[in-house]
Enquirer: 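Sending over a structure as structure tokens; questions will come in a sec.
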Amino acid sequence: MSLVRPPSFRELAERMGEAEAVRYLLRIGYGTMKVVAESGLPYHRVILYRERVKSLKSMEFSRLASFYERLSGVRSRKAKEALISRFLSSRVLPVDVMVNLLTAKPFKNLGVGPGTIRDSLALASRWSPERVEALYREYGEYGEVAYLILRGSSSPLTVKEVYLSLKLLPRLAREDRVKVLSSLLSTASRIEGKYIVRLALGDLKLGFKENTLLIAASKAFNVDRQLLENASAIKGLAEACRLASIGEYMLRLVELKPGVPFKPMLAHLYREDKVKFPVRVELKYDGSRLQIHKIGGKVKLYTRRLVEKSDVLPEVVEIARGFNADSCIVDCEVIAVDDKGNPLPFQYLLERTLPRKYESERAEKVRVTVKAFDIVYHEGRSLLSTPLQERIPILMSVVPKEFLAEGETCTTPGEVEKYFKDAVSRGYEGIMVKALDSIYEPGRRTYTWLKLKPLRDTIDAVVVKAYYGTGLRAGYYSSLLLAVRDPKARKLYTIGRVSNISEDLMDRLKKRFDQLIVRRDRDGIVLKPEVVVEVTYMEIQRSPEYSSGYALRVPKIVRVRNDKTVGEIDTLDKIRELYMSQSAVKS
DNA sequence: GATGACTGCCC
DNA sequence: ATTCTGC
DNA sequence: GCAGAATGGGCAGTCATC
């Protein structure tokens, strides 16, 4: 046996290429970290090679990053459209990849959030996580933080390298996610780092979203916008754009098909001047949107965000099996009910619709049923362009009555008003008002569907804390913690936070807050309880999060009560009463 | 084994 | 989910 | 009026840590 100096990584890489050299070392028993040390390659690249990625050659990531910079630099949407359109026409990358790189959509479920980014930036910059987080609070956005604290390297990253590294993250343990991200960030220039962070968080902050991209693509490929929009709702934007780049005829071939989820149509808030009679009015149920697809004996269920729920809601699958059609797509609301079939509060429903797997115990505790209100596909035929008045009879012939949303036709404002009052008095969330001649437009929010909700009671509460905002509102207050009083205990109890406060109002409030600061902590200022606001809400929920034991669902400020003092705000007892009166109506 | 941070997804 | 804001 | 940005409550599930 002779002692031979083992070949260096350089020698190996020259002989068999970087990827093979890495895999060779792994094969002969080197650990990942040892390969990193031996090869001098960044961690993420070793991981990619380990995962059998052959080549990382593609466009330089720095070019993409400067394109992002140009996009975020121009203000007007028209200008953004033009830039995007030119980018798409250039075909420097496959069209669907370009679209994905502009929406960041494929990077939305990486298991990466602010916490992971904070730790990755800390590791890459050798700052402490606390200091990184402090910068985040100051600047409001982690992309900017990356730009500030990364030292910047000039070793060339490719688009493919970044893309694949990010897509790899969900399969790694959290610790390794941080290592891969930090490796990318250490290899990147500061500008690149900014966009790697934003891609990983699934939000590029370029000042445009899917709709602008869609318009740009329709120009770039010279296709009809409606056609592209339709195809996008069914196939997703990236695929629709790829088809558009082949030719408009490809878009015409895209049709609704049971088993393939599409983005549901949405409603605007009710506005009197938007009502076009005759209308169909329906009860609005407080549940979750659910799309039921039936293809022979097979049933598929999808949520509003197209998450498949077929395995989690077997009762609904059973209900769909009973539909009087071989193939259909039915749009409905899934709601939680007690054992007598009476609606339960929304909170209970979450225990059934959020889990990813079925558990019979939960199913027994919270039962569900559906209320169907539309049908968009029936026995091999798409009903998208069939008017609502013709869809309703088909729906009624397919779905048994107990699973149909209650509704009727109205021809005058008076009838709508009456229907609404009745629905509210029966404890429903409100009503839907839909133009009878409206077609079903997937993925769009249109004024042909309107939702009308009652004004709820209001509560006078006191502001006990103001929280710092993020993004554009970094360094300013953005939401307020509210409390009610208990006269017996002479104490205040928190009931939730409100946001959506206009700059104007916040400016005025800030002047008063500045006089009332008790102390500052990391996420805001604690206040002497003096400022009284009147808030409304959609519902009062039980909550372990707030000291009152209750929380407001969808709270909003009605007005500031300068005429009231803390001693005059509403009491915990009143909250309890309001809560009880809600549940009484429901059961 | 309990607890808490973090993420994703319902509204 | 809602609300505010710039275009 | 549209599109975008920023914000609310709450539950499940995963993973790290105590």
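Letters A, B, ... are given to chains in the order of the sequence lines, protein chains preceding strands, and every chain is numbered from 1.
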Enquirer: Can you tell me if K235(A) has over 12 outside heavy atoms packed within less than 6.0 Å of its NZ?
Expert: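 Atom NZ in K235(A) is not packed in, count stays at 12 or less.
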
Enquirer: NA contact type, K80(A), heavy-atom cut-off 4.0 Å: base, sugar-phosphate, or nothing?
Expert: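 Counting heavy atoms under 4.0 Å across all strands, no contact is made by K80(A).
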
Enquirer: Any side-chain N or O of T303(A) below 4.0 angstrom from OP1/OP2 of dC9(B)?
Expert: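 No, outside the criterion.
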
Enquirer: Once you apply a heavy-atom cut-off of 4.0 Å, does L110(A) come out as touching a base, just sugar-phosphate, or nothing?
Expert: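 Sugar-phosphate only.
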
Enquirer: Using heavy-atom distances to pick each residue's nearest nucleotide on DNA chain D, tell me which of E210(A) and V498(A) is more 5'.
Expert: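 Taking each residue's closest nucleotide, the earlier one in sequence belongs to E210(A).
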
Enquirer: For Y493(A), is the NZ or CZ atom of R485(A) found under 6.0 angstrom from the centre of its six-membered ring and inside 45 degrees of the ring axis?
Expert: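 Cation-pi check for R485(A) and Y493(A): fails.
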
Enquirer: Regarding L472(A), tell me which of base, sugar-phosphate or nothing describes its non-hydrogen contacts under 4.0 Å with the strands shown.
Expert: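 Sugar-phosphate contact only - L472(A) comes under 4.0 Å of backbone atoms but never of a base.
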
Enquirer: Starting at atom CD of E144(A), determine the distance to atom C1' of dA5(D), rounded to an integer number of angstrom.
Expert: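 One finds 16 Å between C1' of dA5(D) and CD of E144(A), rounded.
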
Enquirer: Under 4.0 Å, heavy atoms only, any strand: does K78(A) hit a base, just the sugar-phosphate, or nothing?
Expert: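 Here K78(A) touches no strand at all.
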
Enquirer: Under 4.0 Å from any atom of DNA chain D, heavy atoms only: list the residues of residues 228-238 of chain A that qualify, in numerical order.
Expert: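 Those residues: none at all.
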
Enquirer: Going by atom type alone, with no hydrogens or angles, which donor-acceptor pairs under 3.5 Å involve a side-chain atom of residues 497-509 of chain A and a protein atom two or more places apart or on another chain?
Expert:
unit_1, atom_1, unit_2, atom_2, d
R497(A), NE, S479(A), OG, 3.4
R497(A), NH2, S479(A), OG, 3.0
S502(A), OG, L505(A), N, 3.3
D504(A), OD2, R508(A), NH2, 3.4
D507(A), OD1, Y476(A), OH, 2.4

Enquirer: For the residue pair E308(A) / S310(A), report whether a side-chain donor-acceptor contact shorter than 3.5 Å exists.
Expert: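 Yes, E308(A) and S310(A) have a side-chain donor paired with an acceptor closer than 3.5 Å.
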
Enquirer: Would Y163(A) and F107(A) count as a close aromatic pair, with their ring centres under 6.0 Å?
Expert: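 Here the rings of F107(A) and Y163(A) have centres that are less than 6.0 Å from each other.
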
Enquirer: So F262(A) and V376(A), do their side chains get closer than 4.5 Å, heavy atoms only?
Expert: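 Result yes, sub-4.5 Å side-chain heavy-atom pair found.
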
Enquirer: Side-chain N or O of Y476(A) less than 4.0 angstrom from OP1 or OP2 on dA6(D)?
Expert: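 No, because none of the side-chain N or O atoms of Y476(A) sits under 4.0 Å from OP1 or OP2 of dA6(D).
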
Enquirer: Which part of the nucleic acid, if any, lies within contact of R352(A), taking any heavy atom under 4.0 Å across all strands shown: a base, the sugar-phosphate backbone alone, or nothing?
Expert: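 Nothing, no nucleic acid heavy atom in range.
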
Enquirer: Tell me what S479(A) touches on the nucleic acid: a base, only sugar-phosphate, or nothing, going by heavy atoms under 4.0 Å.
Expert: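 Result for S479(A) = sugar-phosphate.
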
Enquirer: Regarding R362(A), tell me which of base, sugar-phosphate or nothing describes its non-hydrogen contacts under 4.0 Å with the strands shown.
Expert: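 It contacts sugar-phosphate atoms only.
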
Enquirer: May I have the distance from E503(A) (atom CD) to dT3(C) (atom P), rounded to whole angstrom?
Expert: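 After rounding, the reported distance stands at 18 Å.
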
Enquirer: Can you work out whether R356(A) or Y447(A) has the more 5'-proximal nearest nucleotide on DNA chain D?
Expert: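 Counting from the 5' end, the first nearest nucleotide belongs to Y447(A).
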
Enquirer: Just call it for R444(A): base, sugar-phosphate, or nothing, with non-hydrogen atoms closer than 4.0 Å on any strand.
Expert: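 Answer is nothing: R444(A) stays at 4.0 Å or more from every strand.
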
Enquirer: Output the rounded distance in Å from CZ (F208(A)) to P (dC2(D)).
Expert: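 After rounding, the gap between these two atoms is 21 Å.
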
Enquirer: In this structure, are over 12 heavy atoms from other groups packed under 6.0 Å from K365(A) atom NZ?
Expert: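 No, the 6.0 Å shell around NZ holds no more than 12 heavy atoms from other groups.
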
